[in-house]
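Structure first, commentary second.
Remember, it's 1-based here, ligands and their atoms both numbered in the order they're listed.
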Amino acid sequence: MNVLQVSAEIFPLLKTGGLADIAGALPAALKAAGCDVRVLLPGFASIMADLQSSCVLAELTAPWGERVVLRQGVLGTLGLAAYVIDAPALYCRPGTPYEDAQRRPFHDNHRRFALLGWVAARLACGLDAQWQPEVAHSHDWHAALTPAYLTFGPVQGKRVASVYTVHNLAYQGVFAPNNFFELGLPNAAFSVNGLEFHGQLSFMKAGLYYADHITTVSPTYAREIQTPEQGCGLDGLLRSRAHDLSGILNAVDETVWNPATDAAIAHAFDANKPAGKARCKAALQLELGLDARSDVPLFGVVSRLTEQKGLHLVLAVLDELITRGGQLVVLGTGDAPLEAAFKARAVAHPQAVSVRIGYDEAFAHCIFAATDVTLVPSRFEPCGLTQMYGLKYGSLPLVHRVGGLADTVVDCALEHLADGTANGFVFDDFTPAALSRAIRRAFALYERNSEWFNVRQRAMQQPLGWDNAAAQYVALYQHLLG
Ligand code: ADP
């Protein structure tokens, strides 16, 4: 089965969050499950630099008149066949893939990402005579016009099935309505039964409306986004598509996230030889100037510092955590007030709190390896990967019971300890008091050494690899192709 994966990011070449991790791991998992997978990506500098044996497949004129080149080659790092839109004027700029250096969204983001869907639809119509997808699987709002262009594009040969995966419904790609007329879609598409969203143009809505099937990255999130509380204004549409909506839980790329083989961490370890974990903790405490204590729990946060992630709750309970003897290490970047608040706490308690503002892939690995608990108190969480990395690295996740966090973490309540399913700490109310109670449970278990080690060992042995998720995607593709 020929599958085209369409996304804006791909690990390890370009990553701002979990989307990249999935886009980087899913193709290999699908290949292992028997699919012939190619990816379509925007030509950001790091992606162009990794593209090997490339040749020009086509020169194209975008609907708004801009000339772009479509290259074809192999991503050297991933050994993956790729189509890349070579358009430096659109993609090679300072800043993030989506924002300039002042964190303002680029004025032409609608063009930069419409192109992904537009090119995907051309590939679906036979642009490459050697290879034609049977399934076009697009990810998040950046690639969400793919199903719309497939719906309205010229149909040649067999119809291509479209799957659209929502990694985070909160980021919707909403633009002023006048931009619609640059996209080359028929006027009929700009309606309530289409891309129009409260008078604006919504890329997310295009994906949700036109895709043959919608997936989200966890079963619980698939249910949650059909409610007014979590539907971001799109719950009505999602309810109307409930029969074509399902959740497939993300997984962990064990070639990247494995404490037994991880070159980024100070000492290797695994569930049966955990000694290296204590050494990782000591090494990190020394490096960060934290008290060199093996007998107190070290909590970790690796996260975007945004409202979604619930980190104001951590700030609210931090004094208590410190008073109980705990330590905290934070790696993150995002909203300036959150960055400032965490930095101030590190200055006030240098032996108990360490905060690094920034994005640092290797340091993230060190934090999961060294910490005892990974904090993920998100207000909402489509899947969440850091709690799964915490499990793999024996850093028990402490999470708010939402989305994929609810699907992956089982609280260390007595009954779950008794039946051997406990692997972390879960709280229900999104309040400092509820987080504080979960933290107290973590301290209580930490004091019972042997129970802690048992839970940690089971957590590290939990199967989190991609085989299961890949099998579910393949079954879905097969179902859609009839
Ligand atoms: P989201 O996609 O909402 O940011 P996820 O938990 O799904 O959240 O994925 C986050 C990914 O980004 C994980 O791989 C995590 O390790 C990584 N990450 C987040 N912040 C940082 C950071 N400051 N430095 C390094 N990696 C980070």
Are H213 and Y477 close enough that their ring centers fall under 6.0 Å? no
Have a look at F363, Y359, F380 and point out the one with the heavy atom closest to atom 21 (C) of ligand 1. Y359
Using a plain distance cutoff, I'd like to know if K309 has any nitrogen or oxygen under 3.5 Å from a nitrogen or oxygen of ligand 1. yes
Backbone N or O of T220 within a donor-acceptor pair of the D407 side chain at under 3.5 Å? yes
Under a 4.0 Å N-O cut-off, is there an ion pair linking K392 with D262? no
Nearest to atom 15 (C) of ligand 1, what protein heavy atom do you find, and at what distance? T386 CG2, 3.7 Å
Please identify which atoms of ligand 1 are closer than 4.0 Å to at least one heavy atom of G332. 23 (N)
Do F299 and F443 have ring centres separated by under 6.0 Å? yes
Of G358, S303, G17, which has the heavy atom at the shortest distance from atom 20 (N) of ligand 1? S303
Compute the centroid of each ring, for Y210 and then for Y149, and state whether the two points are separated by less than 6.0 Å. no
Hey, is ligand 1 close enough to D360 that some N/O pair sits below 3.5 Å? yes
Going by the closest heavy atom to atom 4 (O) of ligand 1, which one wins out of R356, M388, R304, H365? R304
Does L385, backbone or side chain, put an N or O under 3.5 Å from an N or O of ligand 1? yes
Looking at non-hydrogen atoms alone, which of K15, E9, E361, Q308 comes nearest to atom 17 (C) of ligand 1? K15
Ignoring angles and geometry beyond distance, decide whether G18 reaches within less than 3.5 Å of ligand 1 through its nitrogen or oxygen atoms. yes
min-distance protein heavy atom vs atom 16 (O) of ligand 1 -> V302 CG1, 3.7 Å
Assess the side chains of Y389 and W257: does a donor N or O sit below 3.5 Å from an acceptor N or O? yes
Using a strict cut-off of less than 4.0 Å between a Lys/Arg side-chain nitrogen and an Asp/Glu carboxylate oxygen, indicate whether D100 and R93 qualify as a salt bridge. no
Contact atoms of ligand 1, heavy-atom distance to D21 under 4.0 Å: 13 (C), 14 (O)
Test applied, side-chain contact (heavy atoms from CB on, under 4.5 Å); reference residue, W466; option that passes from T255, V252, I22: I22
